[in-house]
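Data block below; observations after.
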Amino acid sequence: ETLDLTITSSTSNTTTLTECDSYTWLVNGTIYTASGSYIDVSTNAAGCTHTETLNLTLNNSTSASMSATACDSYTWPVNGVIYTTSGSYIDVSTNAAGCTHTETLNLTLNNSTSASMSATACDSYTWPVNGIIYTTSGSYTDVSTNTAGCTHTETLNLTINSSTSNITTL
């Protein structure tokens with residue numbers, strides 16, 4: 001009598017991965033959100049045990065948020081962009097772990113203001129804006145802070161006429 005004997009072997013495979021935040025293992029469809037070693041046991045084509053091992057390292061994405069208030073424009077140090085309107089802005093980069101880093105800027109921009117006026121006076125003029133007495137025609141400015149905390153520039157365009165006097169001798 002003859003014995004035909006076939007011996008089949010169990011099989012195994014190990015996969016080592018580094019991913020960001022989560023990983024869906026195609027072997028079993030499981031979503032992993034933590035680093036670790038995971039095992040899936042199935043049957044191979046020969047009808048024996050197949051052991052699949054996943055050595056998974058998960059790194060985390062990061063995020064940060066900041067608020068800023070400025071006058072007229074703001075240069076965000078994160079990306080060097082100059083913003084001229086209020087709003088929320090996002091910059092996406094890669095962190096030290098090789099994952100996504102999302103930075104959010106919540107920006108409030110206030111505006112500088114200006115005003116000008118013209119005046120004509122005889123001999124001298126006291127400007128109510130700053131209390132200075134001017135005796136010469138010219139353009140003068142006064143810089144202060146407006147209610148938004150930004151620059152307010154007031155301009156005076158002044159004309160000074162000299163008084164004349166007539167002395168009559170009889």
[X] with [Y], same ILVMFWY side-chain cluster at under 4.5 Å:
X	Y	result
Leu109	Val81	yes
Tyr140	Val143	no
Ile39	Trp25	no
Val92	Val78	no

Quick one, [X] and [Y] - any side-chain contact, counting heavy atoms below 4.5 Å?
X	Y	value
Cys150	Thr113	no
Trp76	Asp91	yes
Ile132	Thr126	no
Leu54	Tyr32	yes

Can you name the closest pair of heavy atoms from [X] and [Y] and give their distance?
X	Y	value
Ala97	Asn59	O-ND2, 3.5 Å
Gly149	Cys71	O-SG, 3.6 Å
Cys48	Ser9	CB-O, 3.5 Å

Quick check for you: to the nearest 0.5 Å, what is the distance between [X] atom [atom1] and [Y] atom [atom2]?
X	Y	atom1	atom2	value
Tyr23	Leu56	OH	CG	8.0 Å
Thr30	Tyr38	OG1	OH	10.0 Å
Ser88	Asn106	OG	CG	4.0 Å
Thr33	Asn60	OG1	CG	10.0 Å
Glu52	Ser12	CD	OG	8.5 Å

remark   = Per side chain to side chain donor-acceptor pair (under 3.5 Å), His50 is matched among Thr11, Asn44, Thr43 by Thr11

query = Donor-acceptor pair, Asp123 side chain versus Ser163 backbone, under 3.5 Å?
reply =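 Yes.
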
key: Result of checking Asn161, Ile160, Leu158 against Ser137 for side-chain contact (heavy atoms from CB on, under 4.5 Å)   =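 For Ser137, the side-chain contact (heavy atoms from CB on, under 4.5 Å) test succeeds with only one of Asn161, Ile160, Leu158, which is Ile160.
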
